[in-house]
Amino acid sequence: MRVLARLFMQGLANLGRNRWAQFFTLSTVAFTSFMAGIFLLALYNVHLTAQSTQEDIQFQVYWDSGHPQQEVQEQWEEIKSWDIGGINTFTPDEALKSLAESISGDMDVSYLSRENPLPATALVEFSLEGENSRDRAQKMRSRLMDLPGVERVSYNPVQLDLARTWVRVSSGIFWPLIGLMLLITGLVVANTLKLNQMQRREEVDILALVGASGRYIQFPLLVSGALQGFLGGVISLGLLKLLHLTLEDVLYFPPLWIRIEFLPLPYALAIPGVLTLVGILSSFLAVRGRLR
């Protein structure tokens with residue numbers, strides 16, 4: 001046990017040798033996994049959006065601009081008690097603010113706040129799971145239209161057919177693309193770590209000549225390779241989270257209303273986990289031939 005602990009500490013100490021080489025190796029691993037993480041994040045959100053679009057349809061409900069806001073809010077509370085997936089509500093002032101944020105350039109719409117022409121609005125999500133989804137969507141639209149003060153209820157019936165088609169396509173390419181991305185990332189990272197470990201081949205040859213066992217030589221290299229892979233994965237995961245926080249609401253405006261989600265916990269943990277295994281494997285292959 002003491003020998004293993006000493007060899008483990010030796011693996012840690014190896015990271016402090018030739019610091020510039022270690023720095024560039026770690027940077028390459030982190031950057032490669034970060035780019036792969038961006039691809040995975042984009043692919044995951046496309047797949048998630050397609051699934052949510054299939055399962056839910058969104059009604060855009062517009063009230064008369066002069067309808068009392070108190071009555072509108074009471075109707076919002078009533079809608080919340082219905083069998084719906086969720087509701088997002090906007091008062092005229094909130095709708096004007098959202099409009100101003102979605103307009104690019106220096107256009108000033110503050111003058112509209114004096115006599116706000118925008119109506120109260122609600123986005124009602126309705127689940128399409130089950131049979132007769134089109135008929136149930138029409139019934140929900142009629143129910144919303146029957147509310148006092150409602151001027152218009154909009155939704156896209158073509159969305160039902162397009163969403164189902166897109167989900168079948170995205171489900172068919174989701175896992176193959178992830179597998180291809182992992183393969184390419186693994187090859188790049190493994191080659192980088194292998195080249196870094198091969199710089200120590202002279203040290204490996206000397207240890208082998210003086211009679212050191214293969215395990216004694218390999219274990220510190222495996223530890224340093226695993227740590228480089230793990231640290232590269234953690235750094236890339238942190239950068240990916242910062243990017244997500246920056247872009248989380250970039251598409252959350254009408255008519256898209258798409259909020260970018262971060263990778264689920266198993267996917268996120270898989271990034272440093274896979275890179276750790278790649279680091280171990282590449283370190284093993286780097287010195288295997290010189291220990292025969």
Side-chain angles (χ1 to χ4, degrees), residues 44-103 109-110 112-167 170 244-245 247-265:
Y44 171 73
N45 275 274
V46 169
H47 185 68
L48 191 66
T49 300
Q51 283 188 324
S52 63
T53 304
Q54 182 205 29
E55 297 171 355
D56 300 302
I57 191 171
Q58 193 174 75
F59 295 94
Q60 298 178 351
V61 188
Y62 302 93
W63 277 259
D64 293 325
S65 58
H67 199 74
Q69 185 61 34
Q70 180 63 33
E71 294 185 15
V72 174
Q73 290 178 341
E74 292 175 357
Q75 292 173 6
W76 288 346
E77 295 299 323
E78 178 185 350
I79 295 174
K80 289 179 182 179
S81 65
W82 296 356
D83 185 18
I84 61 174
I87 180 173
N88 290 325
T89 59
F90 299 88
T91 64
D93 291 339
E94 291 172 340
L96 181 61
K97 181 180 179 181
S98 178
L99 175 63
E101 292 176 350
S102 64
I103 295 177
V109 296
S110 60
L112 294 175
S113 59
R114 305 186 192 95
E115 296 182 5
N116 192 341
L118 299 181
T121 310
L123 301 175
V124 180
E125 294 182 0
F126 178 67
S127 176
L128 296 174
E129 293 182 352
E131 300 179 354
N132 302 320
S133 58
R134 188 179 293 274
D135 292 338
R136 292 189 294 110
Q138 289 287 359
K139 290 179 180 179
M140 175 57 69
R141 181 179 183 276
S142 299
R143 189 177 182 184
L144 290 168
M145 282 295 301
D146 290 338
L147 292 173
V150 172
E151 178 185 10
R152 177 165 52 96
V153 178
S154 301
Y155 85 103
N156 186 6
V158 181
Q159 176 185 9
L160 304 179
D161 300 326
L162 290 178
R164 289 187 175 89
T165 302
W166 173 245
V167 166
S170 65
H244 167 255
L245 293 176
L247 303 179
E248 183 177 9
D249 294 324
V250 71
L251 297 178
Y252 195 71
F253 59 85
L256 297 177
W257 299 112
I258 297 176
R259 178 169 279 119
I260 298 176
E261 301 291 339
F262 193 61
L263 297 174
L265 186 60

Value for OG1 (Thr89) from CD (Gln73), rounded to nearest 0.5 Å, stands at 8.0 Å

Review point. So do the side chains of Ile79 and Leu147 get within less than 4.5 Å of each other, counting heavy atoms only?
Key: yes

Interatomic distance, CZ@Arg152 vs CG@Leu144, rounded to 0.5 Å, equals 13.5 Å

Residues at least two apart in sequence or cross-chain that pass ring-ring contact (aromatic ring centres under 6.0 Å, His included) with Phe59, listed by chain then number, are Tyr155

Result for side-chain contact (heavy atoms from CB on, under 4.5 Å) between Trp63 and one of Gln69, Glu151, Gln75 points to Gln75

Open item on the list: Does any part of the side chain of Met140, heavy atoms only, come nearer than 4.5 Å to the side chain of Val153, both counted from C-beta?
Closed with: no

Q) Can you check whether Phe90 reaches Leu123 side chain to side chain, under 4.5 Å on heavy atoms? A) yes

Residues passing the side chain to side chain contact (heavy atoms under 4.5 Å, CB included) test with Arg259, sequence neighbours excluded, are Glu248, Asp249, Tyr252, Glu261

All heavy atoms of Ile87 vs all of Ala122, minimum pair found to be CD1-CB, 4.1 Å

So salt bridge (charged side-chain N to carboxylate O under 4.0 Å, His left out) across residues 69-78, not counting sequence neighbours, yields Glu77-Lys80

Residue pair Trp76 / Val61, side-chain heavy-atom distance below 4.5 Å: no

With sequence neighbours left out, the residues meeting side chain to side chain contact (heavy atoms under 4.5 Å, CB included) with Leu247 are Leu243, Val250, Ile260

